[in-house]
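Written below as structure tokens is the structure these notes are about.
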Amino acid sequence: MLDLNLSDTIAAIATAPGAAGAGTIRLAGPQTATVVSGLFEASTGTWKAARKAICVHGSIWIPGDRFHIPARLTFWPDHRSYCGQPQAEITLPGCQPLLEATLAECFRHGARGAQPGEFTLRAFLNGKVDLIQAEAVLGVIEARHEADLRVALNQLSGGVSQPLIDLRNDLLNLLADIEAGLDFVDEDIEFVPRSQVIERLQTAFAQLKSIEGRSPSRLTSNSRKRVVLAGRPNAGKSTLLNRLSDVDAALVSPIAGTTRDYLLWSIDWEGLSFDLIDTAGWEESLNPIAEASQRQREEQMAASDFLLWCSPANLSLAEAAEDQEFFDLAASKTSKAIRITTKFDLYEPEKHYLPKDSLVSLSAVNGTGLNQLAGLLRKLLTSDHSLSQFWLGTTAARCHEVLGSAFRALDSALQAARSGTADELLAADLRQVINALGLMTGATQTEDLLDRIFSRFCIGK
């Protein structure tokens with residue numbers, strides 16, 4: 001379990017292990033200044049009497065060494081720090097043995113080793129961040145590409161927490177009005193008209209629905225987008241997947257209909273990270289196996305961020321017409337269908353027909369057009385941050401069940417208000433909604449919940 005004793009002064013190496021130009025020791029707690037003064041000597045001026053954040057240069061002296069190690073101290077003397085306590089960061093050359101020796105000196109002068117996530121835990125306990133923002137710290141650390149980082153930074157800045165906090169405050173005010181009326185029930189005094197209660201509950205329900213709608217539809221631990229490859233049989237989908245994954249992930253054959261199941265592969269290519277799903281070719285369902293393949297493909301389409309329709313460049317006029325028919329059918333099932341031309345190495349102008357609405361023409365065999373495909377994917381993968389990337393998947397997963405509880409309680413409160421149920425029962429429903437919203441942001445929490453969240457952090461964060 002995490003140590004919740006805020007009176008301890010903690011220290012840890014805050015930078016990644018290994019050689020680097022600089023490394024940092026981070027400290028926090030009431031005795032930070034005392035610990036630092038035992039091993040750091042400022043070259044000019046004083047820092048101990050500082051009343052606001054200060055940065056000074058100096059040196060670290062480690063017993064047994066003959067030299068003073070140049071270092072820089074950044075010191076926050078009061079609650080106006082990340083942790084909400086006196087805090088310090090000592091930056092020195094990024095030599096791992098030197099950092100570990102400096103950390104040992106911090107321990108010798110009264111600090112103890114920080115546990116995973118303890119700095120951010122203290123920030124939460126001291127009211128500097130809420131739980132959703134605390135999880136965003138981990139999201140920033142684990143971000144694999146720019147889209148992940150953008151989502152985490154939005155969550156860290158309060159872009160997710162604030163709507164939940166505002167909604168909870170509105171419901172607290174409504175509950176206060178209702179409970180005030182309960183104190184004067186014998187005098188028949190109505191603090192808030194029932195029509196106004198219904199209106200405020202309807203507004204709250206719409207706000208909660210909006211928040212839920214902006215959460216990821218797939219509650220996973222990352223924000224990787226999903227791209228489905230679709231097209232007629234033998235359209236070059238599997239060859240393209242193999243090219244982008246740089247392995248023979250999919251079985252490739254000149255025989256149409258080789259792919260009967262779908263194949264999902266995590267792609268990291270040209271600075272892009274996404275999940276690519278190869279599906280069975282579009283054809284008339286002539287047997288149960290083909291029908292099952294079609295159903296699987298439609299399920300993957302529904303769960304995808306967009307669909308790449310592959311039209312091969314070596315189609316005859318009749319085949320091109322059939323390809324157009326199937327593409328129109330796919331586009332009618334999803335508004336996220338994008339068309340590309342594959343097998344461009346086989347294209348012969350006098351024999352074949354290219355679709356006019358194709359955005360890229362490429363060959364997975366010789367690499368033609370792959371740069372253009374990378375540009376198209378980069379645009380598609382980073383263009384929409386308003387819905388599925390409103391908050392981190394880890395936060396959504398934690399809040400999913402609680403959000404459902406809040407919805408049920410709020411719906412019950414709304415029904416109670418409309419039916420004229422006693423205010424006592426209406427107030428009970430409202431308390432359930434308020435408690436659920438509090439669990440999401442951390443306004444109400446348990447030690448078990450904190451342990452589950454902060455144990456995923458690394459030491460020093």
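Keep in mind that the numbers below use all heavy atoms, side chains included, and drop hydrogens, waters and symmetry copies.
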(message) Could you tell me if Arg200 and Thr203 have a donor-acceptor pair between their side chains, going purely by distance under 3.5 Å?
(response)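 Checked: Thr203/Arg200 side chains show no N/O donor-acceptor pair below 3.5 Å.
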(message) Under a 3.5 Å threshold, yes or no: a donor from one side chain and an acceptor from the other, between Asp278 and Ser238?
(response) yes
For the pair [X] (side chain) and [Y] (backbone), establish whether a donor and an acceptor sit closer than 3.5 Å, ignoring hydrogens and angles.
X: Ser419; Y: Ala416; result: yes
X: Ser245; Y: Ile267; result: no
X: Ser358; Y: Thr341; result: yes
X: Asp305; Y: Lys225; result: no
X: Gln87; Y: Cys83; result: yes
X: Gln85; Y: Leu6; result: yes
X: Thr279; Y: Leu229; result: yes
X: Glu118; Y: Gln115; result: yes
X: Thr32; Y: Gly29; result: yes
X: Thr15; Y: Gly23; result: no

Flag the pair [X] / [Y] as yes when at least one side-chain heavy-atom distance between them is below 4.5 Å, and no otherwise.
X: Gln202; Y: Leu414; value: yes
X: Leu307; Y: Val227; value: no
X: Asn126; Y: His79; value: no
X: Leu125; Y: Leu121; value: yes
X: Ile165; Y: Gln162; value: yes
X: Leu99; Y: Thr24; value: no
X: Leu362; Y: Gln372; value: no
X: Ile434; Y: Leu172; value: yes

Can you tell me how far the [atom1] atom of [X] sits from the [atom2] atom of [Y], to the nearest 0.5 Å?
X: Leu437; Y: Leu167; atom1: CG; atom2: CG; result: 5.0 Å
X: Arg243; Y: Leu241; atom1: CZ; atom2: CG; result: 13.0 Å
X: Leu276; Y: Leu308; atom1: CG; atom2: CG; result: 7.5 Å
X: Gln207; Y: Leu171; atom1: CD; atom2: CG; result: 8.0 Å
X: Glu179; Y: Leu430; atom1: CD; atom2: CG; result: 8.5 Å
X: Phe124; Y: Gln133; atom1: CZ; atom2: CD; result: 10.5 Å

Closest non-hydrogen atom pair between [X] and [Y], with its separation:
X: Arg80; Y: Asp78; result: NH2-OD2, 2.8 Å
X: Gly110; Y: Val35; result: C-CG2, 4.2 Å
X: Leu98; Y: Pro93; result: CD2-O, 4.0 Å
X: Leu373; Y: Val360; result: N-CG1, 4.0 Å
X: Ser37; Y: Lys48; result: CB-CE, 3.4 Å
X: Asp130; Y: Ile132; result: OD1-N, 3.1 Å

(message) Parallel, tilted or perpendicular: which one describes the rings of Phe40 and Trp47, with boundaries at 30° and 60°?
(response) perpendicular
(request) Pick out which of Arg339, Arg232, Gln324 makes a side-chain contact (heavy atoms from CB on, under 4.5 Å) with Ser311. (result)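 Of Arg339, Arg232, Gln324, side-chain contact (heavy atoms from CB on, under 4.5 Å) with Ser311 is met by Arg339 alone.
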(request) Decide if atom CD of Glu41 counts as having more than 12 heavy atoms of other residues, nucleotides or ligands within a radius under 6.0 Å. (result) no
(request) Look at Arg112 together with Asp8 and state whether they make a salt bridge at an N to O cut-off of under 4.0 Å. (result) yes
(message) Suppose we screen for ring-ring contact (aromatic ring centres under 6.0 Å, His included). Which residues come up paired with Phe327, at least two apart in sequence or across chains?
(response) Trp309
(request) Check the pair His109, Thr34 against side-chain contact (heavy atoms from CB on, under 4.5 Å), reporting the backbone distance first and the verdict last. (result) CA-CA 8 Å; His109 286 88; Thr34 301; over 6 Å; no
(request) Apply side-chain contact (heavy atoms from CB on, under 4.5 Å) to the pair Ile25 and Leu27, showing each step before the final yes or no. (result) CA-CA 7 Å; Ile25 305 292; Leu27 303 97; 4.3 Å; yes
(message) Distance to the ring centre below 6.0 angstrom and angle to the axis at most 45 degrees; does that hold for Arg26 and Phe119?
(response) yes
(request) Starting from the C-alpha separation in whole Å, work towards a yes-or-no answer on side-chain contact (heavy atoms from CB on, under 4.5 Å) for Thr74 and Thr91. (result) CA-CA 8 Å; Thr74 306; Thr91 302; 5.7 Å; no
(message) Walk me through whether Ser405 and Gln432 qualify under side-chain contact (heavy atoms from CB on, under 4.5 Å).
(response) CA-CA 8 Å; Ser405 299; Gln432 290 186 40; over 6 Å; no
(request) Mind checking side-chain contact (heavy atoms from CB on, under 4.5 Å) for Ala417 and listing every partner two or more places apart, or none if nothing turns up? (result)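 If we apply the side-chain contact (heavy atoms from CB on, under 4.5 Å) test to Ala417, skipping adjacent residues, the hits are Arg194, Val197, Ile198, Leu201, Leu426.
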